[in-house]
Amino acid sequence: MNVAENLEIIKNRINEACKRANRNSKEVTIIAVTKYVSVDKAVEALEAGAFHLGENRDEGLTHKFDCIGNKAVWHFIGSLQSRKVKNVIDKITYIHSLDRLSLASEIDKRSVKPVKCFVQVNVSGEESKHGIEPEKVIPFVKELTGFTNIQVIGLMTMAPNTDDASVIRSCFKRLKSLQKEIKDLNLARIPCSELSMGMSNDYEIAIEEGATFIRIGSSLVGNETGGV
Ligand SMILES: *Cc1c(COP(=O)(O)O)cnc(C)c1O
């Protein structure tokens with residue numbers, strides 16, 4: 001299967017999930033996660049019409065950006081060390097992994113314009129996962145109102161690694177309810193209207209629960225491991 005064929009299948013599934021949830025599929029943006037694959041595959045995704053690309057390391061992002069540039073809209077989806085912010089900040093439009101004030105402060109300082117950020121929440125509580133505990137998210141976003149270059153457009157999470165769909169679904173539901181709660185606070189520069197959730201194995205559940213950005217790697221562009 002090539003990327004265009006995979007994309008077709010994924011779009012059909014997105015449409016079906018949207019129908020089940022009474023949603024418009026235009027609300028869902030596909031991010032092609034290219035961290036496992038070569039530049040060629042990333043270009044294939046682009047040519048198939050997936051022009052939102054996601055990388056989780058600064059080296060991968062920089063390498064692909066050097067080849068592709070602003071023909072794609074770039075998303076940084078991995079945990080980001082503050083000292084690496086300067087390497088990626090002028091290339092990306094979205095950051096999905098804002099999880100601490102020191103990182104917000106560095107983004108605020110290094111960017112010349114507001115950056116679209118998702119606050120990453122560790123809903124599942126798994127120790128291996130990054131992100132803020134759900135109970136701490138509201139105090140955290142309140143502190144973010146002090147940074148003029150931080151725009152919190154939404155929340156992001158990764159579902160636990162399990163085959164139990166009900167566990168995954170309740171994780172997404174929790175993120176959705178937190179997102180609504182924050183949106184209703186009407187804080188400056190915190191519209192919090194978006195939800196980044198759902199990957200290759202769980203994007204249909206995520207869409208049923210309100211995802212507006214889904215991050216798809218292996219089932220879209222494949223997994224060649226070591227794409228950088
Ligand atoms: C790798 C990665 C994805 C994509 O994972 P797949 O299961 O291959 O679709 C999505 N989000 C994040 C944060 C990732 O690191």
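Hydrogens, waters and symmetry mates are skipped; everything else that's a heavy atom, side chains included, is used. No experiment lies behind these values; they were computed from the predicted model shown. Whatever order the structure lists ligands and atoms in, that order sets their numbers, starting from 1.
- Atom CG of N161 has 12 or fewer heavy atoms from other residues, nucleotides or ligands within 6.0 Å.
- Remark: minimum distance from atom 1 (C) of ligand 1 to any protein heavy atom is reached at K35 NZ, 1.4 Å.
- Among I153, T148, N149, the one residue that satisfies the side chain to side chain contact (heavy atoms under 4.5 Å, CB included) test with Q151 is I153.
- By the 4.5 Å heavy-atom criterion applied to side chains, V123 and L178 are not counted as neighbours.
- Evaluated by nearest non-hydrogen atom to atom 7 (O) of ligand 1, the leading choice among G78, S200, S196 is S200.
- Contact annotation: for H96 versus ligand 1, there are no heavy atoms closer than 4.0 Å.
- Residue E55 forms a side chain to side chain donor-acceptor pair (under 3.5 Å) with just one option from K64, K91, K35, and that option is K64.
- With respect to E133 and R174, no salt bridge is recorded, no charged nitrogen being found less than 4.0 Å from a carboxylate O.
- Taking any N or O of V33, backbone or side chain, none lies under 3.5 Å from an N or O belonging to ligand 1.
- Looking from atom 13 (C) of ligand 1 to the surrounding protein, the closest heavy atom is I77 O, 3.5 Å.
- Close contacts between ligand 1 and I216 involve ligand atoms 9 (O) [criterion: under 4.0 Å to a heavy atom].
- Using 4.0 Å as the threshold, Y203 has no heavy atom nearer than that to any atom of ligand 1.
- Checked against a 3.5 angstrom limit, the closest N/O atoms of N56 and ligand 1 fall outside it.
- For atom 5 (O) of ligand 1, the closest heavy atom belonging to the protein is M199 CE, 3.7 Å.
- Between H75 and H52, the ring-plane angle classifies as tilted under the 30° and 60° cut-offs.
- Ranking protein heavy atoms by distance to atom 11 (N) of ligand 1, first place goes to R215 NE, 2.8 Å.
- Shown are M197, Q179, R23; of these, the side chain to side chain contact (heavy atoms under 4.5 Å, CB included) with T212 is made only by R23.
- Within the structure, ligand 1 lacks N201 among the residues with a heavy atom less than 4.0 angstrom away.
- A donor-acceptor pair is defined here as one N or O able to donate and one able to accept, closer than 3.5 Å; no such pair exists between the side chain of S25 and the backbone of C18.
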